[in-house]
Amino acid sequence: MRVSSSRLVSAVSNEGALGVIATVGLSEELPDMTPDYPTRAEIGLRQVINETRSSTSKPFGVNVMCALTNYDSLIQVSVAGGVDAIISGAGLPLRLPGLVSDPHVKLLPIVSSARAASIVCRTWKKRFSRLPDAIVVEGPLAGGHLGFSHEELENLEALQLERIVAEVLVVAREFGSIPVVAAGGVFDGTDIARFLRLGASGVQMATRFVCTHECDAADAYKQAFINCRKEDIVVIHSPVGMPARVIKNDFVERHLRGEKVNFGCPYHCLVTCEPAVAGYCIAQALVASYRGQMDKGYAMCGANAWRCDRIVSVHELMEELVEGTAAALRNQSPNHN
Ligand SMILES: Cc1cc2nc3c(=O)[nH]c(=O)nc-3n(C[C@H](O)[C@H](O)[C@H](O)COP(=O)(O)O)c2cc1C
């Protein structure tokens, strides 16, 4: 939700990683006279892609959630805008290759199990003669929406990302060495080295990058990360129809008590949302918090957000991560003495 927009994305890509634009809520900063929601969202996305391109010559991607009602049009705008990669989850992106004829655009499904990875690979191969360019494996410690049930999340031991990555690697090898990217709770170089040693080709990180000067969200959003304690991080039932990890505040407590925020649904943005029972509009709540109005929404975060203790530049963070990974790989190397 705009938290990862042109400023953060270009800074990350300029450091040699792949910055990823979040494609929800992009119409919110447009003047009010533009037409219907899907058109506004297209205009907003085009604008962010152009802003990003003017700040970096390096590759960058977009994240488009399957649960969005305007999924197809956001994919089309992304392809036409020349993005280098499309990362897609919150549901299985089984139709994605059918919407992207350009083979140069890398396609990365997000999965939370080997079974889901296998379904995506089999379906893409059969229907489109295409395989994922990489598979993002998102574990139970991730931020935002989670691909696990509330019951599953109560037993985190059984859901270790390391185990899921190892299982997905087996599927990836069956289909010819598809690179696997680990996501969810990866916090420092030691974590990155652990996943690389396990056979992952890379990691996807969000929480650490919220606590950067370049992150597009308001300072109050970043401060919620800096100030939160471990016990403030909770998993709620989101109107998206999936569990979501967030930082508890008054808004979340009111929601947990069952209080409802009256809202007229201005646009039906989520396939899975039922406005009559949702309790509040998640799009409005996330846009409000992105703008720093934390009384009207909440911050999504990964399980390790409580470990963030300062705001740094993307350059500093990347340097810390790269050096930390190199040191951890050296220390763990069999030749190390
Ligand atoms: C503030 C925030 C917003 C996120 N928004 C999205 C999103 O729009 N789509 C998505 O697929 N994942 C989203 N995620 C999940 C991340 O892409 C990522 O996989 C995960 O949070 C990685 O774990 P980490 O936060 O511990 O690094 C979000 C995460 C955070 C913290």
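No hydrogens, no waters, no symmetry mates; every other heavy atom, side chains included, goes into these values. All ligand and atom numbering here is 1-based and tracks the order in the structure.
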**OP:** Using a strict cut-off of 4.0 Å, indicate which atoms of ligand 1 neighbour a heavy atom of Y221.
**Re:** 1 (C)
Original post:
Parallel, tilted or perpendicular: which fits the ring planes of Y280 and H255, with parallel below 30° and perpendicular above 60°?
Top reply: perpendicular
Subject >> Sub-4.0 Å heavy-atom approach of G185 to ligand 1 >> reply: yes
Original post:
What's in the same ILVMFWY side-chain cluster as I233, cut-off under 4.5 Å, chained through other members?
Top reply: W306
Subject >> Short side-chain donor-acceptor distance under 3.5 Å, D36 and T39 >> reply: yes
Original post:
Is there a chain of hydrophobic side chains (I, L, V, M, F, W, Y, each step under 4.5 Å between heavy atoms) that links V79 to L99?
Top reply: yes
Subject >> Sub-4.0 Å atoms of ligand 1 with respect to non-hydrogen atoms of M205 >> reply: 27 (O)
Original post:
Would you say C301 has any N or O atom under 3.5 Å from an N or O of ligand 1, going by distance alone?
Top reply: no
**OP:** Tell me, please: is N304 in heavy-atom contact with ligand 1, that is, under 4.0 Å?
**Re:** no
**OP:** Answer with yes or no whether G184 contacts ligand 1, where contact means a heavy atom under 4.0 Å from a ligand atom.
**Re:** yes
Original post:
I110 near ligand 1, heavy-atom distance under 4.0 Å?
Top reply: yes
Original post:
atom 21 (O) of ligand 1: which of G139, G91, G144, G143 has the nearest heavy atom?
Top reply: G143
